[in-house]
Trainee: 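Dumping the structure here so I can ask a few things about it.
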Amino acid sequence: MVNEFLMYAYFGITKADKKDIILKKSAERAYLDLCRTIKLKTENEDVKTKYKAQICEMLVKEYGVLLNAAESSDDKQSAFDSEHNRICEEIIKAYSEISGLTYGQAQKWLNMMLKYVLLVEGDSVLKSYLHIPVDSYMMQTVGSDNSKMKHCLKLECVPKKDGTVGKYSESTSKPWSKWNYDEYIAFQNSVRTAVSESDYNSPIEWENEAWIEVAEIKK
């Protein structure tokens, strides 16, 4: 009962909703996680709604492609990564007429949508291959030496404003919303390697606990 209430309160999803509705509402909710970072070239609300809906519809269709990549390929992670990259580029291209969307923003939309679907459904064949959604909390828990954070990975892989990488710094680290593909995938690979050497079964499983830990510290 509690889970059903939270699903409806947070996502607008009911127990009776079909998969396409779950995907669509997850994509719409994911948009809220990045919209404040988007600078649009228009103030027309109808145009904004049109482009948002276009991306959400695309993500619903592409979910099946990601599933197929994870289920049918010999190198499942590479196949998933390839399709993931293509989808992010499609998001950027689709939004190009009204905004100069970055790779960092596109990954947030796709990754949060996939995370929400996993949370709603409880499990997925995609779970092992999902990327962690990159935001400032993840940058901190991946690249910080904070002794208060037991999930901290202490990696020197956070992109910096000067083009180098290193530990997380609020003043020198490059905001996630401005990352390019090379910065993003190098960060994901570093996290993936570190998590594989831990007790966690997947990066997204680690991310869930790590994000909550940072959020608690930030209170």
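All values below were derived from every heavy atom in this structure, side-chain atoms included, with hydrogens, water molecules and symmetry-related copies excluded. Keep in mind that this is a model prediction, so the values were computed, not measured.
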Trainee: Test of understanding: clusters of I, L, V, M, F, W, Y form through side-chain heavy atoms closer than 4.5 Å, transitively. Do Val125 and Ile87 belong to the same one?
Mentor: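 Hydrophobic grouping puts Val125 with Ile87.
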
Trainee: Scan side-chain atoms only and decide if Asn146 and Tyr168 contain a donor-acceptor pair under the 3.5 Å cut-off.
Mentor: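 Per modelled atom types, Asn146 and Tyr168 side chains form no pair under 3.5 Å.
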
Trainee: Evaluate Val117 against Glu121 for side-chain contact (heavy atoms from CB on, under 4.5 Å), listing each step before the verdict.
Mentor: CA-CA 6 Å; Val117 174; Glu121 296 189 335; 3.8 Å; yes

Trainee: Side-chain heavy atoms under 4.5 angstrom apart, residues restricted to Ile, Leu, Val, Met, Phe, Trp, Tyr: same cluster for Leu66 and Leu119?
Mentor: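 Different clusters.
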
Trainee: Could you check Tyr137 against Trp176 for ring-ring contact (aromatic ring centres under 6.0 Å, His included), going step by step and ending with a plain yes or no?
Mentor: CA-CA 10 Å; Tyr137 282 14; Trp176 61 267; over 10 Å; no

Trainee: Pairs in or reaching into residues 54-77: which pass salt bridge (charged side-chain N to carboxylate O under 4.0 Å, His left out), with residues at least two apart or in two chains?
Mentor: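 For residues 54-77: Glu62-Arg86.
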
Trainee: Give the minimum heavy-atom separation between Pro133 and Lys115, together with the two atoms involved.
Mentor: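 Closest heavy-atom pair between Pro133 and Lys115: CG-CD, 4.2 Å.
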
Trainee: Can you list the residues that meet the side-chain hydrogen bond (donor to acceptor under 3.5 Å, both in side chains) rule with Glu28, with sequence neighbours excluded?
Mentor: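 If we apply the side-chain hydrogen bond (donor to acceptor under 3.5 Å, both in side chains) test to Glu28, skipping adjacent residues, the hits are Lys24.
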
Trainee: Step by step, work out the side-chain contact (heavy atoms from CB on, under 4.5 Å) result for Cys157 and Val142.
Mentor: CA-CA 8 Å; Cys157 65; Val142 167; 3.6 Å; yes

Trainee: Side chains of Gln107 and Ile91: closer than 4.5 Å at any heavy-atom pair?
Mentor: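 Not in contact.
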
Trainee: For the residue pair Thr102 / Lys178, report whether a side-chain donor-acceptor contact shorter than 3.5 Å exists.
Mentor: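 No, no side-chain donor-acceptor pair sits under 3.5 Å.
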
Trainee: What pair of heavy atoms forms the shortest contact from Met139 to Phe187, and how long is it?
Mentor: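 Heavy atoms only, the tightest pair is CA-CZ, 4.4 Å.
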
Trainee: Are Ile92 and Tyr31 grouped together when hydrophobic residues (ILVMFWY) are joined by side-chain heavy atoms under 4.5 angstrom apart?
Mentor: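 Result: yes, single cluster for both.
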
Trainee: For Ala194, is there any backbone N or O sitting under 3.5 Å from a side-chain donor or acceptor partner on Glu197?
Mentor: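 Not confirmed, Glu197 side chain does not pair with Ala194 backbone.
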
Trainee: Step through the shown structure and confirm whether more than 12 heavy atoms of other residues, nucleotides or ligands are within 6.0 Å of NZ on Lys41.
Mentor: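 Yes, because the 6.0 Å sphere around NZ of Lys41 holds more than 12 heavy atoms from other groups.
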
Trainee: Identify the heavy atoms of Gln140 and Met149 that sit nearest to each other, and give their distance.
Mentor: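 Smallest interatomic distance, heavy atoms only, reads O-CE, 3.8 Å.
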
Trainee: Could you grab the distance from atom NZ of Lys108 to atom SG of Cys35, nearest 0.5 Å is fine?
Mentor: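 These two atoms lie 10.0 Å from each other.
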
Trainee: Look up atom CG in Leu101 and atom CG in Leu40, then write down how far apart they are to the nearest 0.5 Å.
Mentor: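 Leu101 atom CG to Leu40 atom CG measures 9.0 Å (nearest 0.5 Å).
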
Trainee: What closest approach, in Å, do Ile132 and Pro203 show between heavy atoms, and which atom pair accounts for it?
Mentor: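 Ile132 and Pro203 have their closest heavy atoms at CG2-O, 3.5 Å.
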
Trainee: Is it true that a side-chain atom of Ser99 and a backbone atom of Tyr95 form a donor plus acceptor pair closer than 3.5 Å?
Mentor: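 Absent.
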
Trainee: Which residue is it: Asn189, Ile185, Leu110, Ile204? I am looking for the one with a side-chain contact (heavy atoms from CB on, under 4.5 Å) to His131.
Mentor: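 Of Asn189, Ile185, Leu110, Ile204, side-chain contact (heavy atoms from CB on, under 4.5 Å) with His131 is met by Ile185 alone.
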
Trainee: Please check this pair: side chain of Trp109 against backbone of Ala30, looking for a donor-acceptor N/O pair closer than 3.5 Å.
Mentor: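 Such a contact is absent between Trp109 side chain and Ala30 backbone.
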
Trainee: With under 30° as parallel and over 60° as perpendicular, where do the rings of Phe11 and Tyr116 fit, or are they tilted in between?
Mentor: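 The arrangement is perpendicular - the two ring planes meet at more than 60°.
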
Trainee: Within a radius of less than 6.0 Å around NZ of Lys93, do more than 12 heavy atoms belonging to other residues, nucleotides or ligands occur?
Mentor: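 No, because the 6.0 Å sphere around NZ of Lys93 holds 12 heavy atoms or fewer from other groups.
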
Trainee: Output, in order, the C-alpha distance, side-chain angles, deciding distance and verdict of side-chain contact (heavy atoms from CB on, under 4.5 Å) for Val165 and Glu156.
Mentor: CA-CA 6 Å; Val165 296; Glu156 295 187 3; 6.0 Å; no

Trainee: Report yes or no: does Ser26 contribute a side-chain atom to a donor-acceptor pair with the main-chain N or O of Ile22 at less than 3.5 Å?
Mentor: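 Side chain of Ser26 to backbone of Ile22: a pair is present.
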
Trainee: Could you work out, with side-chain hydrogen bond (donor to acceptor under 3.5 Å, both in side chains) as the rule, every residue matching Glu89, not counting sequence neighbours?
Mentor: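 Applying side-chain hydrogen bond (donor to acceptor under 3.5 Å, both in side chains) to Glu89 gives none.
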
Trainee: Given Thr172 and Lys160, is the side chain to side chain donor-acceptor pair (under 3.5 Å) satisfied, shown in steps?
Mentor: CA-CA 6 Å; Thr172 63; Lys160 292 185 173 294; 3.1 Å; yes

Trainee: Tell me whether Glu213 is salt-bridged to Lys150, with the criterion being a basic N under 4.0 Å from an acidic carboxylate O.
Mentor: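 No salt bridge links Glu213 with Lys150.
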
Trainee: If you compare all heavy atoms of Tyr63 against all heavy atoms of Ser124, which two are closest, and at what distance to 0.1 Å?
Mentor: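 That would be OH-OG, 3.6 Å.
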
Trainee: Report the distance from atom OG of Ser73 to atom CG of Asn68, rounding to the nearest 0.5 Å.
Mentor: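 It is 6.5 Å, given to the nearest 0.5 Å.
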
Trainee: Ile21: which residues meet the side-chain contact (heavy atoms from CB on, under 4.5 Å) condition with it, sequence neighbours left out?
Mentor: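 By the side-chain contact (heavy atoms from CB on, under 4.5 Å) rule, Ile21 matches Asp17, Lys25.
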
Trainee: Should Leu153 and Val191 count as side-chain neighbours, where that means a heavy-atom distance under 4.5 Å?
Mentor: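 Yes, at least one pair of side-chain atoms sits under 4.5 Å.
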
Trainee: Determine, for Lys48 against Glu43, whether the closest basic-nitrogen to carboxylate-oxygen distance falls under 4.0 angstrom.
Mentor: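 Looking at Glu43 together with Lys48, the answer is yes, because their closest N to O distance falls below 4.0 Å.
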
Trainee: For the atom pair CG (Asp135) and CH2 (Trp211), what is the distance rounded to the nearest 0.5 Å?
Mentor: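 If we round to the nearest 0.5 Å, Asp135:CG and Trp211:CH2 are 7.5 Å apart.
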
Trainee: Around Asp199, counting heavy atoms of other residues, nucleotides and ligands shown, do more than 12 lie under 6.0 Å from its CG?
Mentor: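 No, CG of Asp199 has 12 or fewer neighbouring heavy atoms, counting only those of other groups under 6.0 Å.
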
Trainee: Going by side-chain hydrogen bond (donor to acceptor under 3.5 Å, both in side chains), name the residues that satisfy it together with Asn44, two or more places apart in sequence or in a different chain.
Mentor: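 For Asn44 there are no side-chain hydrogen bond (donor to acceptor under 3.5 Å, both in side chains) partners, ignoring immediate neighbours.
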
Trainee: Decide if atom OH of Tyr10 counts as having more than 12 heavy atoms of other residues, nucleotides or ligands within a radius under 6.0 Å.
Mentor: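 Count over threshold, so yes.
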
Trainee: Please answer whether the main-chain N or O of Ser171 pairs with a side-chain N or O of Lys161 as donor and acceptor at a distance below 3.5 Å.
Mentor: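 At least one qualifying donor-acceptor pair exists.
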
Trainee: Atom CZ in Arg29, atom CD1 in Ile13: separation rounded to 0.5 Å?
Mentor: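 Output value for this atom pair is 11.0 Å.
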
Trainee: Counting C-beta onward and ignoring hydrogens, is there a side-chain heavy-atom pair between Glu97 and Tyr51 closer than 4.5 Å?
Mentor: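 When only atoms from C-beta onward are counted, Tyr51 and Glu97 do touch, with a gap below 4.5 Å.
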
Trainee: Membership question, hydrophobic clusters at under 4.5 Å side-chain separation (ILVMFWY): are Leu59 and Val120 in the same one?
Mentor: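 Different hydrophobic clusters.
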
Trainee: Would you say the side chains of Gln105 and Ser177 form a donor-acceptor pair under 3.5 Å?
Mentor: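 Short answer, no.
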
Trainee: Shortest non-hydrogen contact from Arg192 to Asp81?
Mentor: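 The answer is NH1-OD2, 3.0 Å.
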
Trainee: List in chain and number order the residues that pass ring pair (Phe, Tyr, Trp, His ring centres under 6.0 Å) with Tyr129, two or more places apart in sequence or in another chain; answer none if no residue qualifies.
Mentor: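 Not a single residue meets the ring pair (Phe, Tyr, Trp, His ring centres under 6.0 Å) criterion with Tyr129.
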
Trainee: Among Tyr181, Tyr184, Tyr103, find the one that has a side-chain hydrogen bond (donor to acceptor under 3.5 Å, both in side chains) with Asn85.
Mentor: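 Only match with Asn85 under side-chain hydrogen bond (donor to acceptor under 3.5 Å, both in side chains): Tyr103.
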
Trainee: For the NE2 atom of His84 and the OG atom of Ser78, what is their distance to the nearest 0.5 Å?
Mentor: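 The NE2 atom of His84 sits 13.5 Å away from the OG atom of Ser78.
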
Trainee: Answer yes if Met58 and Val47 sit in the same cluster of Ile, Leu, Val, Met, Phe, Trp and Tyr residues linked by side chain heavy atoms under 4.5 Å apart, and no otherwise.
Mentor: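 Result: yes, single cluster for both.
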
Trainee: Could you go through the side-chain contact (heavy atoms from CB on, under 4.5 Å) check for Lys174 and Val158 one step at a time?
Mentor: CA-CA 8 Å; Lys174 188 176 182 179; Val158 180; over 6 Å; no

